[in-house]
Amino acid sequence: AGEPLASETGNRFIVQKHDATRLHWDLRLEVDGVLKSWAVTKGPSPDPDIKRLAVRTEDHPMSYADFEGVIPKGEYGGGTVMLWDRGTWQPIKGKSASDLEEGHLHFCLEGERMKGEWLLIRLKQKPGEKRENWLLRKLQDDNAEAGDGLVQRELTSVLTGRSMAEIASDKQGEYPLAGKKDDAFLAQMQKASARNACKSR
Ligand code: MN
């Protein structure tokens, strides 16, 4: 007790739906005690034929993994944040998180919504381009499905069941859940492993 979740599992992943200047889904993977982060502009697609632009953003502290609420306008990332998915991740057997340095990661997710095998690939940087553009893509497995159903049907928080509008209009405070630990989720995570999601490999 009292220890951060990070040290208890070490392989969390989360997705925060973020209604900022532009709506996007922030995919964050725990690596070496921080959250490696990508902003997925149209959200993750479970369709292997649909590749999604994932712009690399700065590493976030582990404490941000439980955040849901409203970031005030004018602050970095100002807008409504929903905890849209959470669970554990693992590199595919024989792969490693250090592959990210080489610009690719083949990994497995055991989330409430995102499951199975996924791929992140860094695109070649064009001259003068400051952003690191990556592609996020689902690989074919039992969890793949045609079309864009995932972001279309999953419209509520995995943490509180709230819609974006309900989070946005919550006047309880700007950071209602920041810093609070979710014991039920922790127990669930200790049972589930992302390896299970890719057992067939
Ligand atoms: Mn964001």
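One-based numbering, in listed order, for ligands and for the atoms of each. Please read all numbers here as calculations on a predicted model, not as lab measurements. Side chains are part of it too, since the values below use all heavy atoms of this structure and drop only hydrogens, waters and symmetry mates.
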Closest to the Mn ion (ligand 1), which N/O/S atom of Asp26 is it? OD2
Donor-acceptor pair, side chain of Ser98 and main chain of Ser96, under 3.5 angstrom: no
Parallel under 30°, tilted from 30 to 60°, perpendicular over 60°: which one fits the rings of His60 and Tyr76? tilted
In His18, what N, O or S atom is nearest to the Mn ion (ligand 1), if we give its atom name? ND1
Salt-bridged, Asp148 to Lys42, with N to O below 4.0 Å? no
Between Glu132 and Lys36, is there a side-chain N and carboxylate O pair less than 4.0 Å apart? no
Between the Mn ion (ligand 1) and His24, which N, O or S atom of the residue is the nearest one? NE2
